[in-house]
There are 2 protein chains.
Amino acid sequence: MGRTDSDFGRILRQNGLKNTRPRAAILDILSGEGQPLTAEELFSRLQERVVSVNLSTVYRALEALCDKELVTKLTIKDDSRALYELKRMIHRHHLICLGCKRITSIGRCPLEGYEKRLASETDYVIEGHNLDVYGYCPDCRVNGLNA
Amino acid sequence: MGRTDSDFGRILRQNGLKNTRPRAAILDILSGEGQPLTAEELFSRLQERVVSVNLSTVYRALEALCDKELVTKLTIKDDSRALYELKRMIHRHHLICLGCKRITSIGRCPLEGYEKRLASETDYVIEGHNLDVYGYCPDCRVNGLNA
DNA sequence: TTGGATGCAAAAGTTTTGCACGGTT
DNA sequence: AACCGTGCAAAACTTTTGCATCCAA
């Protein structure tokens, strides 16, 4: 089965956060979800699981989880809402379908040596980067969807 | 000197938009500005120029300009507000200083061949990408600023 | 027990919209 | 003159916050 509910409890405690039902459930949902979710979507998922929780608690939990670097907050083009996903150890990028809006992860980062080059060119200290690729997934491509 | 005010009028008309003072002024401001601005910042710049305009007009003008692809809308990490910049013919990326939040453009795109490779790997039709690099500019690096 | 976490309600911040009026073509 | 653009006010939407209460450690 992999992770049990108490795993998340331990992770929370290890990070100096109290093991509460909303927080553990949020980690559980995000770990099962293949793609980033908005706070509102997480709130819905929680209600489906009959986890009684307030939307502001979701925001506060996500803020705490981001602070501890257990969760990553991100935004994509043409959507003002923030998205949240489980933070991965491995550096990853997003491939976003312009048709169905599904977000998948890209494993290999094509910018390995690039940051060093850029640093010497610009005299910046580079801390990191964000790369999102946009396109149409096989399904939307076939169906010729354009929105 | 370069562009005069009437240049923007012509551009607007060529794109099927009426040449109005707020729109021309917005294009003028964006063309003079080295970095993307929020709607609110544009609104302030307009007031400084004694261009009487309403904030909702700024939003509507920006929407129209984005529709005509004269302006690009973007967002960066850790800021929920949208930014707007003049659309460039040449594909560019952003280098964002985590200290002073200044945004500069990166000319050369390091992802030339990458999209093709990704397309064949994922079976997506790639339409484009977005790359932002984060770091500290020479000033902020020296001063050790961290916010 | 005690400080952190939550619920609720209200506020804040950004962006959008309805409608009447005004300006460009 | 016709239609698009604008101002104003209100609404919509996302996110944050104050405060009393509750709960995990």
Side-chain angles (χ1 to χ4, degrees), chain A residues 5-27 36-47 49-68 70-84, chain B residues 5-27 36-47 49-68 70-84:
Chain A
D5 210 73
S6 60
D7 278 325
F8 295 116
R10 190 172 38 73
I11 290 169
L12 288 167
R13 265 178 264 112
Q14 282 175 346
N15 283 276
L17 298 175
K18 284 187 179 167
N19 172 26
T20 63
R21 195 140 157 57
R23 287 175 177 173
I26 285 172
L27 287 178
L37 298 175
T38 64
E40 195 82 44
E41 286 167 340
L42 267 163
F43 180 60
S44 299
R45 299 277 199 292
L46 288 164
Q47 291 184 318
R49 296 184 174 207
V50 201
V51 175
S52 167
V53 68
N54 191 276
L55 180 57
S56 68
T57 299
V58 174
Y59 276 106
R60 280 194 270 229
L62 288 169
E63 189 186 25
L65 295 170
C66 286
D67 281 352
K68 298 301 182 180
L70 297 171
V71 166
T72 302
K73 180 179 181 178
L74 56 120
T75 53
I76 61 170
K77 237 176 35 177
D78 300 328
D79 194 340
S80 59
R81 295 169 303 176
L83 296 168
Y84 300 87
Chain B
D5 210 74
S6 60
D7 278 326
F8 295 117
R10 188 171 40 71
I11 290 170
L12 287 167
R13 267 179 262 112
Q14 282 174 345
N15 283 275
L17 297 175
K18 284 187 179 166
N19 173 25
T20 62
R21 193 137 159 60
R23 286 175 178 172
I26 285 172
L27 288 178
L37 298 175
T38 64
E40 195 82 43
E41 286 167 340
L42 268 163
F43 180 58
S44 299
R45 299 277 199 290
L46 287 164
Q47 292 184 318
R49 293 184 178 210
V50 200
V51 175
S52 167
V53 68
N54 191 276
L55 180 57
S56 68
T57 299
V58 175
Y59 277 106
R60 280 193 272 229
L62 288 169
E63 188 186 25
L65 295 170
C66 286
D67 282 351
K68 300 300 182 182
L70 297 172
V71 166
T72 301
K73 180 180 180 177
L74 56 120
T75 52
I76 60 169
K77 239 176 34 178
D78 300 327
D79 194 341
S80 60
R81 295 168 303 175
L83 296 168
Y84 300 87

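All chains are named by letter (A, B, ...) in the order of the sequence lines, taking the proteins before the strands, and each is independently numbered beginning at 1. Everything quoted here is computed from the prediction, not taken from an experiment.
- When rounded to the nearest whole Å, the span between CD of B:Glu63 and P of D:dT6 equals 12 Å.
- Rounded to an integer number of Å, the gap from B:Arg13 CZ to C:dT25 P is 5 Å.
- Here the side chain of A:Arg81 is nearest to one of D:dT14, C:dC8, C:dT15, namely D:dT14.
- Considering only side-chain N and O atoms, B:Tyr59 lies nowhere under 4.0 angstrom from the phosphate OP1 or OP2 of C:dT16.
- If you check D:dT15, D:dC8, C:dT15 against the side chain of B:Ala82, the one that comes closest is C:dT15.
- Per the geometry, CG belonging to B:Asp78 stands 14 Å off C1' belonging to D:dT15, to the nearest Å.
- For the pair A:Leu55 CG and C:dC8 C1', the interatomic distance rounds to 12 Å; values are reported in whole Å.
- When distances are taken from the side chain of A:Thr20 to each of C:dT15, C:dC19, C:dA5, the shortest belongs to C:dA5.
- The shortest side-chain heavy-atom distance between A:Leu17 and A:Leu65 falls under the 4.5 Å cut-off.
- Here the CD-NZ distance, from A:Gln14 to A:Lys68, works out to 12.5 Å after rounding to the nearest 0.5 Å.
- As rounded to whole Å, 18 Å separates atom P of C:dT24 from atom CZ of B:Phe8.
- At a cut-off of 3.5 angstrom, the base of D:dC23 holds no donor-acceptor pair with the side chain of A:Lys18.
- Between A:Ile26 and A:Val53 there is no side-chain heavy-atom pair separated by less than 4.5 Å.
- Look at CZ on A:Arg23: it is 13 Å from C1' on D:dA25, rounded to the nearest Å.
- Using a 4.0 Å heavy-atom distance criterion, A:Ser56 is classed as a base contact.
- For A:Arg60 and C:dG4, a side-chain-to-base donor-acceptor distance below 3.5 Å is absent, hydrogens and geometry of angles not being considered.
- With A:Leu83 as the partner, the side-chain contact (heavy atoms from CB on, under 4.5 Å) test is satisfied by one option alone out of A:Ile76, A:Leu42, A:Thr75, A:Thr72: A:Ile76.
- The separation between A:Asp79 atom CG and C:dT16 atom P is 12 Å, rounded to whole Å.
- The residue among A:Asn54 and B:Leu17 whose nearest nucleotide of DNA chain C lies closer to the 5′ end is A:Asn54.
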Quick one: do B:Tyr59 and B:Glu63 satisfy side chain to side chain contact (heavy atoms under 4.5 Å, CB included)? Show the steps, please. CA-CA 6 Å; B:Tyr59 277 106; B:Glu63 188 186 25; over 6 Å; no
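- The CD atom of A:Glu41 sits 16 Å away from the C1' atom of D:dT15 (whole-angstrom rounding).
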